[in-house]
Enquirer: 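What follows is a single structure, and I will ask about it in a moment.
We name chains A, B, ... by the order of the sequence lines, and we start the count at 1 in each one. Just so it is clear, the values below take in all heavy atoms, side chains as well, and ignore hydrogens, waters and symmetry mates.
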2 protein chains.
Amino acid sequence: MSRRTRMATIDPTPPDARAEPIAARSFGSGATTISDIARLTGVSKKTVSRVINGSELVHPETRDKIKALMTELNYTPDPQARGLAFRHSFLIGLVFDNPTAQYIVNMQYGVLDALRDSGFELVVHPCDSKRADYIDGIRHFVQRQKLYAVILIPRVSEDQALAEMLQDLGVRYVRIASVALDDASRMVMTHDRRAGSEVAEYLESLGHRYVGLITGPKRYRSSIERGGGFRDGLARRGIALTDEAVYEGGYTFESGVAGAEALLRREPRPTAIFACNDEMAAGVYKAAQRMGLSIPGDLTVIGYDDSPLASQLWPPLTTIHLPVREIGRQAASLVLTKDRQSNPEGNAAITVSPHLVIRDSSQPPRE
Amino acid sequence: MSRRTRMATIDPTPPDARAEPIAARSFGSGATTISDIARLTGVSKKTVSRVINGSELVHPETRDKIKALMTELNYTPDPQARGLAFRHSFLIGLVFDNPTAQYIVNMQYGVLDALRDSGFELVVHPCDSKRADYIDGIRHFVQRQKLYAVILIPRVSEDQALAEMLQDLGVRYVRIASVALDDASRMVMTHDRRAGSEVAEYLESLGHRYVGLITGPKRYRSSIERGGGFRDGLARRGIALTDEAVYEGGYTFESGVAGAEALLRREPRPTAIFACNDEMAAGVYKAAQRMGLSIPGDLTVIGYDDSPLASQLWPPLTTIHLPVREIGRQAASLVLTKDRQSNPEGNAAITVSPHLVIRDSSQPPRE
DNA sequence: CTGAAAGCGCTTACAG
DNA sequence: CTGAAAGCGCTTACAG
């Protein structure tokens with residue numbers, strides 16, 4: 001029936017226009033346009049457009065007929081044409097500086113989870129936040145591609161100047177960070193401070209009293225939060241973390257090695273070390289091996305991230321699981337929800353909680 | 001002077017049209033259009049378009065004047081508008097199945113190296129080649145976004161059905177693989193076979209006679225090439241690799257552990273193991289540690305990839321360096337060169353050569 | 001609830 | 001060497 005209706009509908013356009021069949025125009029087959037749908041269904045392009053954009057102002061019967069035809073012809077509106085008319089593209093930019101490969105990839109997977117079937121695509125944009133003009137680079141990227149939104153990953157997410165530039169541009173964005181740096185509607189927060197405390201409490205409960213901390217760079221907010229939470233957690237349990245028990249690393253393997261070597265020379269030697277990411281924890285493993293210390297017999301090691309590395313180390317690393325893919329999913333969902341401003345006051349920021357995963361690198365201290 | 005020329009040029013459009021100043025229209029500032037350039041420079045849009053597209057058919061003086069104004073106003077043509085007219089977008093798709101995170105990220109960096117300032121952007125598209133309809137998913141992606149080109153990473157690059165679909169669509173693509181699966185103009189090849197042989201020759205030269213091989217899955221062409229090259233290399237040096245000395249792994253850490261455990265139970269015990277990627281080599285480390293074998297004292301281990309893992313293992317891993325970023329760069333350059341067909345016969349495929357990096361996990365066998 | 005006209009910022013034939 | 005007209009596939013006011 002629906003087929004007959006379609007066939008019976010007379011094409012209102014003059015016979016000279018568009019006389020050729022629908023399919024196979026330019027990009028392989030399936031190049032149906034909004035005009036084809038309008039003509040074959042006997043309505044105006046505007047009405048089809050209303051259906052595409054989910055307007056309520058369409059007669060249900062008309063809408064159904066149009067939708068049926070769109071499905072039948074496997075029609076999807078051209079994002080470039082829509083973008084030109086809407087004055088923005090259907091692209092989401094992912095901007096990042098230099099996290100680990102695993103972090104980047106998991107984030108991409110998470111974002112793409114949320115973007116699936118949305119008509120939006122993910123465009124990646126690494127940058128170097130140490131360059132003076134890196135914000136300009138991002139501005140050009142956003143402007144030129146008329147991005148619909150951008151997702152900011154630490155450390156660039158922590159740059160206030162970048163956020164302000166994006167606000168000036170009037171483009172949507174969301175920042176991923178461990179503290180509330182912005183409106184709740186623009187934040188996905190990870191409770192790094194709480195996770196740091198959790199590590200402290202776990203170590204105290206095992207009986208450790210002499211512990212060391214290897215932080216990330218001070219310019220990373222996550223590093224401050226993880227380390228600060230750890231320090232606070234210890235303090236709450238009556239353990240003071242002296243300055244000599246803290247080594248500022250660089251989130252790299254090598255800095256983990258150096259940090260462990262520095263900390264393990266102290267007297268009394270720490271019985272446990274918390275490294276603020278897994279890569280540095282792997283460095284601690286190496287230093288311990290060199291110094292003839294066994295893990296966890298002589299030394300308990302805790303990491304942060306729960307990267308694949310954590311389960312590949314020997315012994316498997318006790319660490320904080322950071323749900324990166326979930327974070328990416330949340331960030332992308334946030335950016336796609338139109339009604340962010342509908343509840344400007346009551347909106348709570350989206351938060352994601354890392355949690356401790358106990359494996360084999362931790363146990364009570366000897367004696 | 002050029003400024004005076006510009007100011008003196010009378011706007012040919014009627015005064016009612018476009019009376020407002022140029023800047024700050026929709027997307028922040030800088031929303032200059034081709035019409036602005038044409039009007040202010042006193043030529044038609046078509047001529048400006050010619051300059052944009054590098055046509056020779058423009059008077060040098062005119063071209064210079066236009067270029068100067070474009071620079072002055074910081075004008076870049078809108079990729080969406082160009083895309084709509086050109087019937088393709090300025091997006092390059094990166095399609096991959098499930099390589100390691102490091103591989104994906106390095107590939108992205110390489111591709112972006114080549115795309116910088118080209119006006120093209122990178123859209124990422126992971127997929128699951130085990131799903132029956134995964135090719136349809138890619139087709140929809142390519143058609144809907146009207147991709148300019150797509151870059152195929154192993155293992156999807158090895159799927160002939162996918163390549164044929166892309167050909168039917170008429171979209172440019174390049175395949176990254178270890179053998180010539182396609183026209184030279186569509187290939188970036190890595191000499192995995194040769195690298196496998198290099199490992200064999202190196203081990204023989206050290207004096208190893210009893211060696212084990214842990215391959216990747218048979219469905220990966222790289223696995224066949226690496227393993228095959230290794231076998232051939234040994235054979236050329238008079239060493240036969242028996243079937244029992246070969247374990248088919250899955251390119252995963254766990255399969256490396258399992259493979260090493262199987263191989264190291266044999267008599268005589270192999271004095272060296274070649275794992276076809278670093279992750280499996282890390283698994284070999286774990287198995288060796290469990291069995292109380294020291295590396296390289298009791299066992300030489302060689303990996304493949306030269307991922308960050310290789311230098312983070314203890315002892316640092318001797319491995320084959322695969323220049324992934326360079327591969328990405330080459331693939332993107334290939335896709336951007338317009339004149340691929342100019343020399344259809346004489347074209348040699350782009351090839352990239354992996355090479356051995358000797359670290360501390362290899363030495364001559366005992367006695 | 002529906003449509004005709006104009007426009008988004010570019011390019012492609014077609015003329016000259 | 002240069003330009004006027006029409007078009008790419010959509011949407012936004014504006015009318016009804």
Enquirer: Could you tell me the separation between the CG atom of A:L57 and the P atom of C:dC1, rounded to a whole number of Å?
Expert: 7 Å

Enquirer: Just to verify, what does B:E164 make a salt bridge (Lys or Arg N to Asp or Glu O under 4.0 Å) with, not counting sequence neighbours?
Expert: none

Enquirer: Mind checking salt bridge (Lys or Arg N to Asp or Glu O under 4.0 Å) for A:D64 and listing every partner two or more places apart, or none if nothing turns up?
Expert: none

Enquirer: To the nearest Å, give me how far apart CD (B:E56) and P (D:dT2) are.
Expert: 13 Å

Enquirer: Any chance the side chains of A:Y75 and A:D36 put a donor and an acceptor closer than 3.5 Å?
Expert: no

Enquirer: Grab the N/O contacts between the protein and nucleotides 11-15 of chain D below 3.5 Å, and write none if there aren't any.
Expert:
from   : atom 1 : to    : atom 2 : distance (Å)
D:dT11 : OP1    : A:N53 : OD1    : 3.4
D:dT11 : OP1    : A:N53 : ND2    : 2.7
D:dT11 : OP1    : A:R82 : NE     : 3.1
D:dT11 : OP2    : A:S49 : OG     : 2.4

Enquirer: The side chain of A:V43 is closest to which nucleotide in this list: D:dC10, D:dG3, C:dG3?
Expert: C:dG3

Enquirer: What's the CG-C1' distance between A:D64 and C:dC1, to the nearest Å?
Expert: 15 Å

Enquirer: Among C:dG3, D:dG9, D:dT2, which is the nearest nucleotide to the side chain of A:T47?
Expert: C:dG3

Enquirer: Has A:S44 got a side-chain N or O lying under 4.0 Å from the OP1 or OP2 atom of C:dG3?
Expert: yes

Enquirer: How long is the line joining CZ of A:R63 and C1' of C:dT2, in whole Å?
Expert: 13 Å

Enquirer: If you measure from the C1' atom in C:dA4 to the same atom in D:dC10, how many Å do you get, rounded?
Expert: 16 Å

Enquirer: In whole angstrom, what separates A:D78's CG from C:dG9's C1'?
Expert: 14 Å

Enquirer: Rounded to the nearest Å, what distance is computed from the CD1 atom of residue A:I37 to the P atom of nucleotide D:dG9?
Expert: 13 Å

Enquirer: Please determine if a side-chain N or O atom of A:T62 lies less than 4.0 Å away from the OP1 or OP2 oxygen of C:dT2.
Expert: yes

Enquirer: With B:E56, which residues qualify under side-chain hydrogen bond (donor to acceptor under 3.5 Å, both in side chains), at least two apart?
Expert: none

Enquirer: Is there a donor in the side chain of A:Q80 and an acceptor in the side chain of B:R82, or the other way round, less than 3.5 Å apart?
Expert: no

Enquirer: Quick check: are there more than 12 heavy atoms from other residues, nucleotides or ligands sitting under 6.0 Å from CD of A:E61?
Expert: no

Enquirer: Is it true that the side chains of A:Y134 and A:D97 contain a donor and an acceptor less than 3.5 Å apart?
Expert: no

Enquirer: Might you work through the salt bridge (Lys or Arg N to Asp or Glu O under 4.0 Å) test for A:R139 and A:D136, ending with a clear yes or no?
Expert: CA-CA 5 Å; A:R139 185 158 49 76; A:D136 279 342; 2.8 Å; yes

Enquirer: Which of the following nucleotides, D:dC1, C:dG9, C:dC1, is nearest to the side chain of A:H59?
Expert: C:dC1

Enquirer: Reading DNA chain D 5' to 3', what string of ( ), [ ], | and . shows its pairs, if Watson-Crick and G-U wobble pairs count only when both distances fall under 3.5 Å?
Expert: |||.||||||||.|||

Enquirer: Whole angstroms only, please: what is the CD-P distance between A:Q80 and C:dC8?
Expert: 18 Å

Enquirer: So, using ring pair (Phe, Tyr, Trp, His ring centres under 6.0 Å) as the criterion, who are the partners of B:F90 when residues are at least two apart?
Expert: B:H88, B:F120

Enquirer: Over how many whole Å does the gap from B:H88 atom NE2 to C:dC10 atom P extend?
Expert: 14 Å

